[in-house]
A.B. asks: 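Structure in structure tokens, see below.
By convention in this document, chain letters (A, B, ...) are assigned in the order of the sequence lines, proteins followed by strands, and residues within each chain are numbered from 1. It should be emphasised that the depicted structure is a prediction, and the values quoted were computed from it without experimental measurement.
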Amino acid sequence: MAESPITPGAKDFAAWYQDVVLQGDLAEPAEIVKGCMVIKPNGYAVWEILQRELDTRFKALGHQNVYFPLLIPESFLKKEAEHVEGFSPELAVVTIAGGKKLEEPYVIRPTSETIIGHFFAKWIQSWRDLPVLMNQWANVVRWELRTRMFLRTTEFLWQEGHTAHATHEEAVEETLRMLDVYAEVAEDVMAMPVIRGRKTHGEKFAGALHSYSIEAMMRNGLALQAGTSHDLGQNFGKAFDVKFQNKEGQMDYVWQTSWGVSTRLIGGLVMSHSDDKGLVLPPKLAPNKAVLVPIYRKDEEKGPVLEAAHRIAKEIGAKVDDREGQSPGAKFFHWERRGVPVVLELGPRDLASGNIVMKRRDTGVKEIVPQSNVASRLAEILDAMQKDLFNAAKDRLKANTVLANSIEEVEATLSDVTAEKGGGKFVMAHIADNAACDARLKEFKATIRNIPLRDEYDGGGKCIITGEEVDRRVVVAKSY
RNA sequence: CGGGGCGUAGCGCAGCCUGGUAGCGCACCUGCCUUGGGCGCAGGGGGUCGUGAGUUCGAAUCUCGCCGCCCCGACCA
């Protein structure tokens, strides 16, 4: 047997992740462009399904898609004090264009609050213009020092929702509503359980009043921030002078929100479900839900096998791998690495018996079913696999979540955890939201991932670092 | 920016120390054979050895400069 091209996850999780992405044909490093990647057809197809799932939900809630320029005048970023401080270090700036040095440089958008704020100011005069509910599918650039495919790349694809409201209450509702949409897509479509919560002051979006996130646990126990939703307050409204006249006839600044998920979700998908054989895709996100491998020995078998293969595949929406010159074994490995949920085998034996062989990607279980039952059995298997993947991930999350009642305990649990070695945990502890606590956690490279919206533990307690009273336990972990 | 490693066929690498006809595995092409978990056999194509200079009769190999990439750290909604 040939040696597996995939490094075992237990040996080196980071190498395993790279191998799964490459062997699954999702993406490859761009090499010639530092920190960037090429998203290949198999990876882009997954992204398109995710886009469709999200986009449908956004539109059902009244949002409309728009597109703003890639280039933003540099001065715009500077209008909101926290925003510029947060983003300056990672900006790519265009200083020369058309062979001339520009009067004012353009930054390549790292996010679009500023340029959208400018146009909101032009479009909004009255409370009757509100709410404005917009979404943009776009690419953004952030000059990160350390990149990993999908998880953190210099350029990435995302959607950014931007809304403006007449009251803070409405804006907060919108912020939490969109966080729920993200959680639903993560759990129901990606089969990736998440914890909804509020970000600490130190971890919030630069320029927001409050940020909320969904946090998922990867197979190595590290946290992945899978989506964020921000209550921007009136910060950008004031910075860009987005004013409206309210029902009482007074001028007021709009209350804004912004929210986003990115191609990072694909990284989360890989690190939630895949194994040492390669990619495992939940059926709802699989570009090919089933692939049929025809098997024949002699020329006289080839015709009938292929005929039956195409007939059955058409009936159930499967793809037939009828490539010449590749053995069935090679084809099985090919599709296994690419995460196809169900691979079917059809050969002379099956033609004689009227059966077909189905193999499930996640469990590896093979079963023989009558050809007349393929369609219904396939639907059952896909449904079961979707649920099982979620439950397995949920069990892993539970099994690796622990309580801690002293900072030493938190430190002992997390200090040796790395992305490569794994062993990560979500440590639930009473910790206050302030700079001193952040600094103490940073000593062993952990962070408060979020403060859960729903307290599933024992309510309030004293902060294990400062002693002050806090109302619930927070999630502490190492993260990507 | 600090520390470490590496640039040789599409990919992965050997050769370098000790200078003398550019090699191996995979992939690719052709033919035959095979096909129920990575078939086999035979033949074949593909390289300015990252780049520039120097030493030498002769440089992938020695010397110096430059460029790029990877890993660790710092940085990071």
Side-chain angles (χ1 to χ4, degrees), chain A residues 1-6 12 14-15 18-19 22-23 28-36 82-83 85-91 110-111 113 140 142-148 151-154 156 158 160 198-208 210-215 223-232 258-262 264 277-278 293-299 301-302 305 321-337 343-353 355-357 359 364 366 368 418-420 442 445 447-450 479-480:
Chain A
M1 198 167 91
E3 201 175 324
S4 171
I6 297 169
D12 182 339
Q18 290 267 343
D19 290 343
L22 291 169
Q23 295 298 323
E28 66 180 56
E31 288 178 334
I32 48 167
V33 188
K34 188 173 160 52
C36 291
E82 269 189 35
H83 194 66
E85 200 184 319
F87 281 103
S88 302
E90 49 188 273
L91 292 179
T111 180
E113 278 76 8
V140 290
R142 298 178 187 182
W143 216 260
E144 305 282 1
L145 295 176
R146 179 122 158 70
T147 58
R148 303 177 199 252
L151 302 173
R152 180 173 286 107
T153 47
T154 300
F156 58 93
W158 77 345
E160 43 180 326
R198 184 167 62 75
K199 283 284 179 185
T200 60
H201 187 76
E203 291 273 322
K204 75 177 170 62
F205 176 74
H210 292 298
S211 289
Y212 298 83
S213 73
I214 52 172
E215 301 281 333
L224 184 75
Q225 178 173 299
T228 48
S229 188
H230 313 293
D231 167 11
L232 300 175
S258 68
W259 26 273
V261 295
S262 70
R264 170 181 257 203
K277 292 176 186 157
V293 176
I295 298 160
Y296 43 83
R297 215 177 290 261
K298 306 167 192 131
D299 273 352
E301 290 169 345
K302 183 176 171 181
V305 167
D321 185 355
D322 55 4
R323 288 175 296 164
E324 296 284 345
Q326 289 252 40
S327 70
K331 291 178 182 177
F332 295 145
F333 280 105
H334 178 81
W335 297 111
E336 184 170 76
R337 279 198 300 265
V343 173
L344 300 112
E345 309 174 18
L346 187 76
R349 240 187 262 160
D350 307 298
L351 245 42
S353 65
N355 292 329
I356 190 164
V357 179
K359 184 174 180 187
K366 265 190 193 185
I368 298 170
T418 66
E420 294 72 29
K442 197 176 178 177
K445 293 174 183 168
T447 49
I448 295 177
R449 298 317 305 156
N450 68 22
S479 71
Y480 277 101

A.B. asks: By nearest nucleotide on RNA chain B, pick out whichever of P294(A) and A330(A) is the more 5' one.
C.D. replies: P294(A)
A.B. asks: Go through A77(B), C72(B), G36(B) for me and flag the one nearest to the E345(A) side chain.
C.D. replies: G36(B)
A.B. asks: Does the side chain to side chain donor-acceptor pair (under 3.5 Å) test come out yes or no for R449(A) and S479(A), once each step is laid out?
C.D. replies: CA-CA 8 Å; R449(A) 298 317 305 156; S479(A) 71; 3.2 Å; yes
A.B. asks: Across all strands, who's sitting opposite C66(B) as a Watson-Crick or G-U wobble pair, both distances under 3.5 Å?
C.D. replies: G50(B)
A.B. asks: Measure CD/E336(A) against P/G37(B) and give the value in whole Å, please.
C.D. replies: 12 Å
A.B. asks: Among E160(A), H230(A), E113(A), which residue meets the side chain to side chain donor-acceptor pair (under 3.5 Å) test with S258(A)?
C.D. replies: E113(A)
A.B. asks: Roughly how many Å is it from CZ in F333(A) to P in G36(B), rounded to a whole number?
C.D. replies: 11 Å
A.B. asks: Of the nucleotides A77(B), G36(B), G38(B), which has the atom closest to the P328(A) side chain?
C.D. replies: G36(B)
A.B. asks: When we call it a touch if two heavy atoms are under 4.0 Å apart, what does R337(A) touch: a base, just sugar-phosphate, or nothing?
C.D. replies: base
A.B. asks: Please classify the nucleic acid contact of A206(A) as base, sugar-phosphate, or nothing, using heavy-atom distances under 4.0 Å.
C.D. replies: nothing
A.B. asks: Give K366(A) one of three labels, base, sugar-phosphate or nothing, depending on what nucleic acid heavy atoms sit under 4.0 Å from its own.
C.D. replies: base
A.B. asks: Looking only at side-chain atoms of E144(A), point me to the closest of A77(B), C76(B), C72(B).
C.D. replies: C76(B)
A.B. asks: By the 4.0 Å heavy-atom rule, please label E203(A) as base, sugar-phosphate, or nothing.
C.D. replies: sugar-phosphate
A.B. asks: Does CD belonging to E82(A) count more than 12 external heavy atoms closer than 6.0 Å?
C.D. replies: yes
A.B. asks: Please give, in whole Å, the distance from G38(B) P to K277(A) NZ?
C.D. replies: 14 Å
A.B. asks: Please state whether the base of C76(B) and the side chain of R152(A) form at least one donor-acceptor pair under 3.5 Å?
C.D. replies: yes
A.B. asks: Does the side chain of L22(A) reach to within under 4.5 Å of the side chain of P29(A), using non-hydrogen atoms?
C.D. replies: yes
A.B. asks: Could you check how far CD of Q326(A) sits from C1' of C29(B), rounded to whole Å?
C.D. replies: 15 Å
A.B. asks: Between G37(B) and F332(A), is there a base-stacking contact, meaning the centre of the base's six-membered ring lies under 5.5 Å from the residue's ring centre while the planes stay under 30° apart?
C.D. replies: no
A.B. asks: Tell me the interatomic distance from K359(A), atom NZ, to G37(B), atom P, rounded to whole angstroms.
C.D. replies: 10 Å
A.B. asks: Looking at U35(B), I'd like to know if its phosphate oxygens (OP1 or OP2) sit under 4.0 Å from a side-chain N or O belonging to R297(A).
C.D. replies: yes
A.B. asks: I need the CD1-P distance between I6(A) and G38(B), as an integer number of Å.
C.D. replies: 16 Å
A.B. asks: If I take atom CD in residue Q23(A) and atom P in nucleotide C26(B), what distance separates them, rounded to the nearest angstrom?
C.D. replies: 17 Å
A.B. asks: Could you tell me how far apart H201(A) (NE2) and A77(B) (P) are, to the nearest whole angstrom?
C.D. replies: 13 Å
A.B. asks: If you look at every strand shown and take non-hydrogen atoms under 4.0 Å, does E301(A) touch a base, only sugar-phosphate, or nothing?
C.D. replies: nothing
A.B. asks: Please determine, for the side chain of T111(A), which listed nucleotide (A77(B), G38(B), C76(B)) has the closest atom?
C.D. replies: A77(B)
A.B. asks: To the nearest 0.5 Å, what is the distance between CZ (R142(A)) and CZ (F87(A))?
C.D. replies: 4.5 Å
A.B. asks: With heavy atoms under 4.0 Å as the rule, sort V293(A) into base, sugar-phosphate or nothing.
C.D. replies: nothing
A.B. asks: Taking 4.0 angstrom as the limit, do K331(A) and E345(A) come out as a salt bridge?
C.D. replies: no
A.B. asks: If you check every side-chain atom of E90(A), which of G36(B), C72(B), C76(B) has the closest atom?
C.D. replies: C76(B)
A.B. asks: P atom, G65(B) versus C75(B): distance in rounded Å?
C.D. replies: 31 Å
A.B. asks: Ignoring backbone atoms, establish whether K442(A) has a side-chain N or O less than 4.0 Å from OP1 or OP2 of C75(B).
C.D. replies: yes
A.B. asks: Answer with base, sugar-phosphate or nothing: what part of the nucleic acid does W158(A) contact at a heavy-atom distance below 4.0 Å?
C.D. replies: base
A.B. asks: So does K445(A) get a side-chain nitrogen or oxygen closer than 4.0 Å to the phosphate oxygens (OP1/OP2) of C72(B)?
C.D. replies: no
A.B. asks: Given that both distances must come in under 3.5 Å, which nucleotide forms a Watson-Crick or G-U wobble pair with C1(B)?
C.D. replies: G73(B)
A.B. asks: Could you walk me through whether R349(A) and E301(A) pass salt bridge (charged side-chain N to carboxylate O under 4.0 Å, His left out), step by step?
C.D. replies: CA-CA 10 Å; R349(A) 240 187 262 160; E301(A) 290 169 345; over 6 Å; no
A.B. asks: Across the strands shown, which category fits P29(A) at heavy-atom distances under 4.0 angstrom: base, sugar-phosphate, nothing?
C.D. replies: nothing
